[in-house]
Amino acid sequence: MALAVIERLTFSYPGAPPALQDVSLELHAGEVVALLGPSGSGKSTLLRALAGLVPHFHGGRFAGRVETAGLDTRHARPSELAGVVATVFQDPEDQVVMTVVANEVAFGLESIGAAPATIWPRVERALAAVGAGHLAARRTAELSGGELQRVCLASALALEPRLLLLDEPTSQLDPAGAEAFLAYVRGLGTAVVLSEQRVGRALALADRVLFLEAGRILLDAPRGEALRWLAAERPRYAANVQIPVPGTVKITVPGTGEAVAALRGVSYAYGDACALDGADLELRRGEVVVLEGPNGCGKTTLAKLAAGLLDPRTGTVERVGRACYLSQDPGRHLVRETALDEVAFGAGGDRVRARAALERVGLGWAAARHPRDLASGERERLGLAAVAVSEPDLLVLDEPTRGVDPDRAAELAAWLAEYAAGGRAVLVATHDRGFPAHRRISLAPEPEVAVAA
């Protein structure tokens, strides 16, 4: 008997075209399904439908049938599925409700009425499984994006669900953490649907692959057959390293222009927690620099210091010209009613420049859409257009490929190389090991600098 059945599901959010169209599939106990497709293709909506959040929480027009664990989601509320289904959403910042990490993981168990004597052992096991045991007593507001994502993952694992729905679960995790988490998931024996733009990881884990495009299933096949289809039809999705695809981006030598930012011996702390201690960084015109390292190592802090959003406690920061910064979660900073107005706001009201910037990131079609109606990867691209339209001397991007499909990620890398070649500097904080750069700077215990060929 199937664990979940979807029959001819069509769904539209209010005032929007169909997010899913005539989707039918079955999920079985223990199978791991990779859910692939471009940003805005309906992947998140499909996961929400399996959890009953579509249509009960989001609203909209629903046709067809979804049955999860024997419950028809048209009649069963999401609360009735809690404990049977667990979901980790794209934006961990919007999923956390408690102020202390251990309490956050315990919250779901308390909500489903778990036996009190089992709650804290399950909390400890779940945090340990995602490498976050050391965070148990920390305040959630003090965590980095990657640390917060680990906590949300632990909250889902603690429920021991029959169906685990993961929406970009490794988008902010460092490579070691992502690989360890997915290996743990594989060993659970639980049915898993994994929506993931870091495609190599998903394909390595999956028994079966679904490929969505424009709300329709183009592919539903076992992994081996799916790899052959992807290689022929969507080659960037078949690559183990998603970007760059050979021939797409050519990065040659580091920039030799003037420094637009020079950080010397900078230190910073959040309260008593030291984030950086004596860091140096120089960014020159004509170069793309990647900043990498494990979660919580200070990448975001250093990026904000470079952009001028933070002042160092010790050390000096010198900048030439203007700097703009795009955060890990740009959706929190979108303030206008349409995508075009959002970008025009950064262009001093110039709607012609704003429209050109939207076209450059592949969102010309969304000019009249509300930013909140866009998919996560689309909001990421909208945020990029909004900060880059003013053409700053230093463009600082924090996890810009989060939620972005491989084709768009390759386009982004190519555009950033072109942007830097125009006499500007780009700093990218990322966990994408394949992101093209002139230099890669690690904040690991033993810093390394590499020049891309």
Side-chain angles (χ1 to χ4, degrees), residues 88 90-96 98-105 123-124 126-157 168-182 184 198 201 263 266-281 289-307 309-310 312-315 325-329 332 396-402 427-433 435 440-448:
V88 178
Q90 285 182 336
D91 300 318
E93 300 86 352
D94 296 333
Q95 192 167 351
V96 171
M98 305 297 283
T99 57
V100 175
V101 167
N103 294 344
E104 175 65 29
V105 181
V123 168
E124 291 173 3
L127 284 171
V130 299
H134 64 291
L135 301 176
R138 291 276 300 278
R139 295 180 61 84
T140 53
E142 298 173 351
L143 301 182
S144 71
E147 290 169 334
L148 202 58
Q149 193 164 42
R150 289 173 189 258
V151 173
C152 292
L153 293 169
S155 297
L157 293 179
E168 301 289 344
T170 68
S171 62
Q172 298 185 72
L173 296 186
D174 56 67
E179 290 161 12
F181 167 71
L182 292 177
Y184 182 84
R198 310 257 170 108
R201 295 172 183 165
L263 290 72
V266 295
S267 300
Y268 194 85
Y270 298 93
D272 295 329
C274 180
L276 285 173
D277 186 14
D280 296 321
L281 176 64
V289 177
V290 157
L291 192 61
E292 54 192 12
N295 293 130
C297 70
K299 298 187 301 296
T300 294
T301 301
L302 187 56
K304 288 181 175 179
L305 287 165
L309 296 180
L310 296 176
R313 290 197 173 183
T314 63
Y325 173 86
L326 180 65
S327 73
Q328 289 182 13
D329 183 13
R332 289 177 173 267
V396 182
L397 308 177
D398 198 350
E399 295 292 353
T401 60
R402 172 186 173 186
L427 177 65
V428 180
T430 184
H431 292 304
D432 260 337
R433 285 172 164 167
F435 200 95
R440 311 187 76 82
I441 299 175
S442 175
L443 291 184
E446 295 297 330
E448 297 178 1

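Since the structure is predicted, the reported quantities are computational estimates derived from the model, not experimental observations.
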Residue list, side-chain hydrogen bond (donor to acceptor under 3.5 Å, both in side chains) with Ser267, at least two apart or on another chain: Asp277, Thr314
With sequence neighbours excluded, residues passing side-chain contact (heavy atoms from CB on, under 4.5 Å) with Asp280: Arg264
Counting only pairs under 3.5 Å, give me each side-chain donor-acceptor contact of residues 295-307, with atom names and distances, residues two or more places apart or in other chains.
| unit_1 | atom_1 | unit_2 | atom_2 | d |
| --- | --- | --- | --- | --- |
| Asn295 | OD1 | Arg150 | NE | 3.3 |
| Asn295 | OD1 | Arg150 | NH2 | 3.2 |
| Asn295 | OD1 | Asp174 | N | 3.2 |
| Asn295 | ND2 | Gln172 | O | 2.7 |
| Asn295 | ND2 | His431 | NE2 | 3.1 |
| Lys299 | NZ | Gly293 | O | 3.0 |
| Lys299 | NZ | Pro294 | O | 3.4 |
| Thr300 | OG1 | Gln328 | NE2 | 3.0 |
| Thr300 | OG1 | Asp398 | OD2 | 2.6 |
| Thr301 | OG1 | Tyr270 | OH | 2.8 |

Evaluation steps, side chain to side chain contact (heavy atoms under 4.5 Å, CB included), between Leu281 and Leu427: CA-CA 10 Å; Leu281 176 64; Leu427 177 65; 4.1 Å; yes
Distance in Å, Phe181 CZ paired with Leu173 CG, rounded so as to fall on 0.5 Å steps: 8.0 Å
Taking every non-hydrogen atom, the tightest pair across Glu104 and Ser155: O-OG, 3.7 Å
Salt-bridge criterion met for Arg201 and Glu168 (N-O under 4.0 Å): no
Spatial distance of atom CG (Leu148) from atom CG (Leu143) [nearest 0.5 Å]: 5.5 Å
Rounded distance [0.5 Å steps], SG in Cys152 versus CG in Leu157: 11.0 Å
Short side-chain to backbone donor-acceptor contact, Gln149 and Pro169, under 3.5 Å: yes
Between CD on residue Gln95 and CD on residue Gln90, distance to nearest 0.5 Å: 11.0 Å
Salt bridge (charged side-chain N to carboxylate O under 4.0 Å, His left out) involving Glu124 - partner list, sequence neighbours excluded: none
Main-chain N/O of Phe435 paired to Thr430 side chain as donor or acceptor, under 3.5 Å: no
Minimum heavy-atom distance Val101-Ala136, with the two atoms named: CB-O, 3.6 Å
Side chain proximity check, Thr401 to Arg198, heavy atoms < 4.5 angstrom: yes
Qualifying salt bridge (Lys or Arg N to Asp or Glu O under 4.0 Å) pairs, either residue in residues 139-149, two or more places apart: Arg138-Glu142
Set of residues satisfying side-chain hydrogen bond (donor to acceptor under 3.5 Å, both in side chains) with respect to Thr99, sequence neighbours excluded: none
Interatomic distance, Leu153 atom CG to Thr170 atom OG1 [nearest 0.5 angstrom]: 9.0 Å
Taking every non-hydrogen atom, the tightest pair across Ala154 and Val105: O-CG1, 3.9 Å
Nearest non-hydrogen partners of Pro312 and Tyr268, listed with the distance: CA-CD1, 4.3 Å
Exercise: identify the closest heavy-atom pair between Cys274 and Leu276: SG-O, 3.3 Å
